[in-house]
Each structure stands twice: as C-alpha cells, then as structure tokens.
Amino acid sequence: MAVISRRPRLTLCTVLTVSLIAAACSLVKPVEPPLDQQAQAAKLAGAGKHAEAAQTYAELAAAASPADRDNYALLSAEQWVAAGNVAQAKQIYATVSADARTRLPTSRALVAAEIALAANDGTAALKELDSIPVPTAAELAQNYWYIRGESAFLTANPVEGARAFIERERYLTDTAALKASREELFNKIRTASEHGQSLKAPANADPILTGWLALGPVAVELARDPMHAASALDNWKHRFPAHPAFDGVVVGAQSKLAVATEFPDQIALLLPLTGRAEAVGVAVRDGFIAAYLEQPAASRPRLKIYDVATETVAGAYQHAMQDGAGFVVGPLTKEDVAAIAPLSAGRGPVLALNFLADSISASRNFYQFALLPEDEARIVARRLVAEGKLKGVAILPDGELGTRVGAAFADEMNQLGGQVLDSGRYQSGRPDFSEVIKQTLQIRGAKGEPATHRVDATFVFADGTPAASRLIVSQLKFHYAGDVPVYSTSDSYEPDPTANNDLDGLTFPDMPWMVSADPVTSQIRDSVRGAWPARTARRDRLYAFGFDAYRLVPALKSNSLNPGSSEISGVTGKLRLDDHNRIRRDLDWAQIKDGVPAQL
C-alpha cells in the first residue's frame with residue numbers, strides 16, 4: 001500500500017532563497033554547510049528517522065538568522081510529531097515567533113493543528129485550520145483536509161469528518177493513496193457508529209456524503225455480527241449503486257464477510273460444565289452458543305461440547321479428535337490449557353481460552369484468548385502516559401491478583417517513562433480505606449481546615465471489586481483528594497445505576513459488550529440476556545468472551561487474522577493476533593457520569 005502523506009510538508013524555498021541571496025550579495029563565507037545539513041535532515045525524514053531529522057532541523061534553527069529560524073523550527077516540530085514525541089514538538093513550536101502568523105501563516109497553522117491533533121485536541125486543531133484558507137498547493141491541501149477530517153471525528157462530528165475526507169480526494173492522484181483514504185474513512189464512520197454518534201445526513205447532503213454516513217451502521221454489523229450483515233450490505237448497495245466506496249471498500253468488506261462466515265465442518269468446545277468451575281464454564285458455553293445460533297441454521301457447523309470436569313482434559317481432546325473435530329475451542333483453566341498444548345502439534349487448530357505460561361511453547365496452530373486484568377492494567381498505563389499523566393499512585397487489593405495487576409501496571413509505566421510514586425494495599429472486606437488513602441496520597445490536615453495531599457501525583461490507579469472501588473472513590477473525595485483523576489480496570493465496574501453514583505468520575509477501559517450503545521451490540525447483548533435471564537447477572541463479560549471465541553474460529557482457520565495487519569471488531573474489544581499467537585484486545589474507554597458509563 002502506498003504511504004499517504006499526512007503531515008504538512010513545509011517548503012524549504014524560503015530558507016534556501018534567503019541563504020543563497022545572502023551568500024551572493026555579501027563577502028561572508030558561503031553557506032554550503034547549512035545546505036548540507038538541510039539535505040541531511042530531509043534524507044533522515046524520508047528514511048523514517050523522524051527524531052534524528054527533528055534534532056537536525058532544531059540545530060539549524062538554533063544557528064539560523066531570525067528570518068529563517070521559524071521555518072526550521074516548524075520543520076523540527078513537524079518531525080517530532082511524526083516521531084510520536086508530542087512533548088518535544090510542543091517545546092520546539094514554542095520557540096516560533098509571533099510574527100510567523102503573518103510571515104508563514106499556512107505552515108504555522110498546519111503544524112500547530114497537527115500538534116493539537118497528535119495531543120487528541122481536535123477542537124484546538126480545527127481552530128488553527130479555521131485561521132487560514134485552504135492551501136492552493138495540492139500536497140498542503142490534502143494534508144489540510146486530512147487534519148480537518150481527523151479532528152472532526154475526534155470531536156464527535158462524523159458528518160463534517162466525512163465531508164473533509166471526501167474533499168481531500170480532489171488532491172489525491174495516487175490510486176493506492178485514494179483507496180487507503182477511503183478505507184480509513186470507512187473505519188472512522190464505523191467507529192462513530194459504534195460510539196452512538198449521529199450519522200444523520202443533512203437535508204442538503206449529496207449522495208456521496210449520504211452514502212458514506214449510511215454505511216456506518218452496516219460497517220458495525222459487518223464487524224460485530226457478520227452472520228446478519230449480508231442483507232444490510234445488499235440494501236446499501238441497492239441504494240447507492242454508483243458510490244465511490246463501492247469498488248474498493250464494499251468489495252473488500254464482502255470478501256472479509258465471506259471469510260468471517262466460513263466455518264469448519266465440526267467444532268469441539270471443551271469446558272468445565274460441572275464442578276468448581278461450572279459457573280464460569282456454563283457462562284462461556286452459553287455465549288458461544290448464542291453466537292452459534294446467530295448463524296443461519298443451514299450453514300452452521302456441527303458443534304460437540306465436552307465437559308472436561310467429568311474426564312481428563314487430554315481424554316476429552318482425544319475424543320474430540322476421534323469424533324472428527326476440525327477445530328477445538330477450549331479448555332478454560334491454565335492447567336487444562338497447559339495439558340493439551342503438547343497434544344495439538346500436527347493436528348487441527350486450537351483456540352485455548354486462557355494463556356500459557358511464558359515458559360511453555362506450543363505449535364503454530366495453537367492460539368490463546370483470555371480476559372486478563374493484567375492486560376487491562378497495561379492498557380490503563382498506556383493511556384495515562386498518552387495523556388501526559390506520568391506520575392501517580394496505586395491503591396490495590398491484597399492478594400495475588402492485586403500483586404499481578406500492580407506489577408503489570410508499574411512495569412508498563414516504567415517502560416513508557418512514567419512512574420508509580422507509591423503503592424498502597426488494602427483488605428477488600430473492610431469498609432474503611434482511609435489509612436491507605438492518607439498514606440499513599442500523603443494527606444495532611446489541621447483540625448477545622450481542609451486537608452491537603454501530595455501535589456506530584458497526577459492520577460490514582462485504584463483497582464478492585466465494584467464494591468471496594470465505590471468505597472475508594474467516595475473516600476478519596478471525602479479526604480479532599482477528589483481532584484486527582486481516578487483510573488481503574490473493568491473489574492471496578494458492574495451495571496448498577498443506583499449504586500454507581502459513588503463511582504462518578506472513574507475512568508476505565510472495558511469491552512463494548514459492557515459500555516457500547518451501538519444498535520448491533522445492544523441487539524446481541526439483549527438476545528443473550530433474553531435467552532438466559534436468570535444466569536446473565538454478574539457474568540456478562542464471560543458471555544461476551546464465549547461469543548467472541550466463536551467469532552474467532554473462521555478467522556483463525558483461514559489465517560486471515562495476521563499479526564500487526566488485521567483485527568476483528570468483537571464484543572470484547574478489537575481483537576488482534578500478536579507474534580506469540582495470543583489474541584490481544586483493544587478496549588473502549590468510559591467514564592462514570594451520574595452512575596452510568598459514558599463512552600469517551
């Protein structure tokens with residue numbers, strides 16, 4: 001796929017012209033060394049060495065005359081954004097003089113907008129773009145519309161985002177770049193629909209804009225419920241037969257749909273359906289069956305279910321193979337997963353519903369899928385660092401799970417340049433966590449005066465059960481620490497609007513099944529809850545886990561889920577395969593407001 005230029009490429013003509021005129025009209029030494037350095041910086045940028053290019057441009061800016069300094073500084077800031085270092089981009093951009101607004105209005109505004117976009121501030125990016133007309137140069141114009149489109153989607157305005165992407169196509173002459181831009185718009189529209197944003201076409205909308213907006217719900221159905229997506233896609237094609245999305249995006253979606261619904265002839269499901277793990281096993285089984293029943297009866301594979309609590313897991317696996325299974329899903333516990341890993345070599349694919357220990361290797365057709373709180377702790381750490389919250393404290397429950405979650409969180413923070421300043425542990429069964437809160441946040445207060453807390457903590461990572469988390473969040477507010485943002489994993493949340501007012505302000509990642517309001521996910525969730533109303537309470541995530549396990553079967557069977565290049569938009573998150581055959585999840589983000597989760 002061709003690379004799309006998304007960043008504004010500032011022209012060096014001004015710099016070169018000024019430098020060359022100075023050399024020709026004076027007796028000073030010629031400026032070949034700076035020209036060599038310019039070429040070196042451009043070469044580094046072209047090779048993808050953006051941080052080195054940024055540093056080289058910064059050196060040029062430091063040595064340049066006032067007339068040239070701003071242009072070099074803007075080039076440096078642009079390269080820092082490309083390198084993913086927004087803080088450095090902001091720092092070098094701060095050296096740009098005020099009169100750059102009149103001398104370099106387009107370059108300055110585009111770089112400022114790109115920095116704002118990289119910092120997830122779509123409003124600021126749009127404000128910068130509003131300060132200039134659309135550039136006349138095609139390269140700058142396509143970047144202008146790209147940034148405007150991205151910023152509009154970021155600010156929950158998909159209609160204007162789609163308009164911008166459509167306008168951008170006028171400046172894309174490369175066929176591959178045009179195809180990639182349409183695929184990106186398709187994904188943006190789908191995400192907007194997943195988040196419940198309005199895709200209603202304005203009264204004066206042309207068929208192209210209307211068609212893109214109408215594709216949003218269809219895209220969600222293709223991603224989350226492909227068994228029912230064919231009719232929705234056919235209806236869209238009938239309404240918009242000549243739409244530009246038809247040839248590339250829709251044809252590609254049809255191809256993916258065919259793969260997503262191509263199952264093996266027989267599937268074996270290995271779960272503990274009796275004994276101590278019965279409740280968990282039954283919930284996963286019911287979610288798996290719910291996905292199975294979404295498929296038209298005529299195209300369903302044969303499904304055989306084996307209770308690994310009534311025979312050894314090795315025996316159940318061997319029986320499944322003898323019975324003709326083309327794909328095995330399960331088992332569930334770490335011990336059982338480790339037991340069948342060596343048995344699968346040279347046989348059909350297996351999707352184990354837990355992760356093997358890092359020390360255990362498995363065959364290339366042995367896949368692993370799990371809902372691990374440690375993974376969510378790392379997701380929280382990545383978001384905190386992305387938001388610039390680099391230092392904070394952790395409040396975690398006693399016990400082995402709290403230790404694992406805390407270690408994963410601290411490790412990810414350290415790897416990304418953050419720091420856990422202090423970590424407090426509490427006993428989950430106690431109703432008062434004041435002591436650990438006071439100690440961790442260094443809360444001090446004189447009698448009759450408001451308490452104070454440490455000022456170096458930009459976040460509190462507070463994990464635990466929903467009941468414990470409600471107490472922690474409310475007690476942080478009681479001790480005058482409610483101004484420090486609180487983050488957690490999904491373990492802290494379960495639906496309960498009457499009790500969850502105590503969690504107001506809590507930010508956490510969770511699966512779409514729990515927090516998404518899009519119609520497709522809601523329909524799937526409601527159908528499962530309707531089928532098993534007495535058993536779904538407190539086990540929603542396990543039903544979703546079983547549902548997505550079924551969805552993964554055709555993707556893994558066909559090898560269409562490749563590390564780093566594809567994903568499935570499931571009800572447990574966006575699912576991707578890593579280099580160790582583990583399914584990783586990207587989750588939705590929510591914040592509790594008035595007792596209910598609001599998607600971010």
Side-chain angles (χ1 to χ4, degrees), residues 120 371-428 430 432-443 453-494 500 502-511 514-515 573 585-593 597-598 600:
N120 291 318
L371 306 180
L372 295 185
E374 302 97 293
D375 285 353
E376 292 190 19
R378 292 184 182 276
I379 290 171
V380 174
R382 290 196 288 270
R383 182 174 181 104
L384 286 168
V385 171
E387 292 179 347
K389 298 180 176 72
L390 300 181
K391 294 183 178 181
V393 300
I395 300 176
L396 303 163
D398 284 338
E400 187 259 345
L401 178 59
T403 299
R404 291 196 341 252
V405 168
F409 179 75
D411 179 66
E412 194 74 12
M413 289 295 296
N414 290 337
Q415 287 189 40
L416 298 174
Q419 182 182 1
V420 178
L421 300 169
D422 197 3
S423 181
R425 305 295 291 270
Y426 65 87
Q427 295 179 9
S428 298
R430 299 181 61 182
D432 188 355
F433 305 131
S434 295
E435 287 307 313
V436 69
I437 289 172
K438 288 179 181 179
Q439 180 179 344
T440 308
L441 281 163
Q442 299 177 1
I443 292 174
H453 60 75
R454 65 190 305 162
V455 296
D456 55 350
T458 57
F459 65 83
V460 174
F461 176 58
D463 202 42
T465 65
S469 297
R470 293 180 193 117
L471 290 170
I472 292 171
V473 173
S474 60
Q475 288 172 27
L476 282 167
K477 295 172 183 175
F478 177 80
H479 289 293
Y480 298 95
D483 58 321
V484 185
V486 184
Y487 292 75
S488 185
T489 68
S490 65
D491 284 347
S492 294
Y493 169 72
E494 66 181 8
N500 284 340
D502 288 340
L503 287 176
D504 274 3
L506 178 73
T507 303
F508 63 101
D510 209 339
M511 58 178 65
M514 299 299 294
V515 298
R585 298 184 302 138
D586 293 326
L587 302 178
D588 289 352
W589 279 89
Q591 187 175 72
I592 302 296
K593 296 180 180 179
L600 300 178

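Applying the side-chain hydrogen bond (donor to acceptor under 3.5 Å, both in side chains) criterion to Ser469, with sequence neighbours excluded, gives Ser492. Among residues two or more places apart in sequence or in another chain, the ring pair (Phe, Tyr, Trp, His ring centres under 6.0 Å) test is passed with Phe508 by Tyr493. The side-chain hydrogen bond (donor to acceptor under 3.5 Å, both in side chains) check on Asp504 picks up nothing, with sequence neighbours excluded. Residues forming a side chain to side chain contact (heavy atoms under 4.5 Å, CB included) with Gln439 (at least two apart in sequence, or on another chain): none. Under the rule for a side chain to side chain contact (heavy atoms under 4.5 Å, CB included), the partners of Leu587 that lie at least two apart in sequence or sit in another chain are Glu376, Ile379, Pro509, Arg585. Residues that satisfy the side chain to side chain contact (heavy atoms under 4.5 Å, CB included) test with Glu435, not counting sequence neighbours, are Lys438. The ring pair (Phe, Tyr, Trp, His ring centres under 6.0 Å) test applied to Tyr487 returns no partner, not counting sequence neighbours. The salt bridge (Lys or Arg N to Asp or Glu O under 4.0 Å) search around Arg378 returns Asp411, Glu412, not counting sequence neighbours. In terms of the side chain to side chain contact (heavy atoms under 4.5 Å, CB included) criterion, residue partners of Thr403 (sequence neighbours excluded) are, by chain and number, Arg425. Legend: residues meeting side-chain hydrogen bond (donor to acceptor under 3.5 Å, both in side chains) with Asp588, ordered by chain and number and at least two apart, are Gln599.
For the residue pair Phe459 and Gln419, the shortest heavy atom distance occurs at CZ-O, 4.4 Å. The two residues His453 and Tyr480 make their nearest non-hydrogen contact at CD2-O, 3.3 Å. Considering every non-hydrogen atom in both Ser423 and Leu396, the closest pair reads OG-CD1, 3.9 Å. Considering all non-hydrogen atoms of both residues, Val405 and Ala377 come closest at O-CB, 3.7 Å. Shortest non-hydrogen contact noted between Pro597 and Ala590 is CB-CB, 3.9 Å.
Taken from OH in Tyr426 to CD1 in Ile472, the straight-line distance is 4.0 Å, to the nearest 0.5 Å. The OG1 atom of Thr440 sits 5.0 Å away from atom CD1 of Ile395, with the distance rounded to the nearest 0.5 Å. Of the inter-residue distances, the one linking Ser474 atom OG with Asp502 atom CG reads 5.0 Å to the nearest 0.5 angstrom. The CG atom of Leu421 sits 8.5 Å away from the CD atom of Gln442 when rounded to the nearest 0.5 Å. A distance of 6.5 Å separates CG in Leu476 from CG in Leu441, rounded to the nearest 0.5 Å. Taking OG of Ser434 as the start and NE2 of His479 as the end, the distance is 3.0 Å to the nearest 0.5 Å.
The shortest distance between side-chain heavy atoms of Thr507 and Val486 does not fall below 4.5 Å. For the pair Gln591 and Leu506, the minimum side-chain heavy-atom distance is 4.5 Å or more. A heavy-atom distance below 4.5 Å is found between the side chains of Leu600 and Arg383. Residues Arg382 and Leu416 have side chains in contact (heavy-atom distance under 4.5 Å, counting atoms from C-beta outward).
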What do the steps show when you test Asp463 against Thr489 for side-chain hydrogen bond (donor to acceptor under 3.5 Å, both in side chains), and what is the final call? CA-CA 6 Å; Asp463 202 42; Thr489 68; 2.5 Å; yes

Using side chain to side chain contact (heavy atoms under 4.5 Å, CB included), reason through Leu390 and Val385 one step at a time and then give a plain yes or no. CA-CA 5 Å; Leu390 300 181; Val385 171; 3.9 Å; yes

Quick one: do Phe433 and Leu471 satisfy side chain to side chain contact (heavy atoms under 4.5 Å, CB included)? Show the steps, please. CA-CA 8 Å; Phe433 305 131; Leu471 290 170; 3.8 Å; yes

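Between Arg430 and Asp432 there is no salt bridge, since no side-chain nitrogen of the basic residue lies less than 4.0 Å from a carboxylate oxygen of the acidic one.
Judged as a salt bridge (Lys or Arg N to Asp or Glu O under 4.0 Å), the pairs with a partner in residues 468-478 (not counting sequence neighbours) are, in order, Arg470-Glu494. Sorted by first and then second residue, the side chain to side chain donor-acceptor pair (under 3.5 Å) pairs with a member in residues 391-402 read Glu400-Arg404; sequence neighbours excluded.
Side-chain atoms of Ser488 come within 3.5 Å of backbone atoms of Ala462 as a donor-acceptor pair (strictly under, hydrogens ignored).
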